[in-house]
Amino acid sequence: RRTVRVRIEGRVQGVGFRYWMEQAARDLGLDGWVRNRRDGGVEAMISGPPDTVAGMIGRCYRGPPAARVDFVKVLEEGEVPPAGFEVRPTA
């Protein structure tokens with residue numbers, strides 16, 4: 001099992017990024033969460049089989065159709081989120 005924290009920057013708020021990510025993660029059977037950040041970025045924790053997590057990270061570089069992703073930062077995470085995937089409040 002692999003768990004990562006992902007920071008996505010660009011035009012990623014106001015384009016449905018969190019809900020797109022929630023649906024994609026649920027479709028892939030991943031656990032974790034996603035939230036907007038006050039600095040204009042999006043942050044997520046993604047956990048699941050390593051190959052599936054890698055595939056979700058790849059999707060983050062594209063995002064939903066209206067998004068423009070400029071930067072993705074991936075950090076390995078020791079914490080494991082609860083089962084399921086949710087949209088959290090802005091941090």
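Note that these values count all heavy atoms, side chains included, but never hydrogens, waters or copies made by symmetry.
Of the residues Val74, Asp70, Val42, Val34, the one that meets the side-chain contact (heavy atoms from CB on, under 4.5 Å) test with Ile8 is Val42.
With sequence neighbours left out, Arg62 forms a side-chain hydrogen bond (donor to acceptor under 3.5 Å, both in side chains) with no residue at all. Partners of Glu76 according to the salt bridge (Lys or Arg N to Asp or Glu O under 4.0 Å) rule, which considers only residues two or more places apart in sequence or in another chain, are Arg2. Applying the ring pair (Phe, Tyr, Trp, His ring centres under 6.0 Å) test to Phe17 and every residue at least two apart in sequence or in another chain returns Trp20.
Residues Val80 and Ser47 approach most closely at CG1-OG, 4.2 Å, considering heavy atoms. Smallest separation of non-hydrogen atoms from Gly84 and Asp31: N-OD1, 2.8 Å. Smallest separation of non-hydrogen atoms from Val72 and Cys60: CG2-O, 4.0 Å.
In this structure, the side chains of Glu86 and Arg88 come closer than 4.5 Å at one or more pairs of heavy atoms. At a threshold of 4.5 Å between non-hydrogen side-chain atoms, the residues Val4 and Leu75 do not count as touching. Two residues are said to be in side-chain contact when any heavy atoms from C-beta on lie closer than 4.5 Å; Arg35 and Pro89 fail this criterion. The side-chain heavy atoms of Pro81 and Thr3, taken from C-beta on, include a pair separated by under 4.5 Å. You'll find the side chain of Met56 reaches within 4.5 Å of the side chain of Leu30, heavy atoms only. Using a 4.5 Å heavy-atom cutoff, the side chains of Leu28 and Arg59 are in contact.
Within the 3.5 Å criterion, the main-chain N or O of Gly41 finds a donor-acceptor partner in the side chain of Gln13.
Grouping Ile, Leu, Val, Met, Phe, Trp and Tyr residues whose side-chain heavy atoms lie under 4.5 Å apart, directly or via other members, places Met45 in a hydrophobic cluster with Trp33.
Listed by first and then second residue, the salt bridge (Lys or Arg N to Asp or Glu O under 4.0 Å) pairs that reach into residues 10-22 are Glu22-Arg26, sequence neighbours excluded. For residues 45-91, no residue pair satisfies the ring pair (Phe, Tyr, Trp, His ring centres under 6.0 Å) rule, not counting sequence neighbours.
Hydrophobic cluster membership is shared by Tyr19 and Ile46, with clusters built from Ile, Leu, Val, Met, Phe, Trp and Tyr side chains linked at under 4.5 angstrom.
At a cut-off of 3.5 Å, with distance as the only test, no side-chain donor of Arg37 or Thr90 sits close to an acceptor on the other residue.
Taken to the nearest 0.5 Å, the CD atom of Glu43 stands 11.0 Å off from the NZ atom of Lys73.
Heavy atoms of other residues, nucleotides or ligands lying less than 6.0 angstrom from CG of Asp51 number 12 at most.
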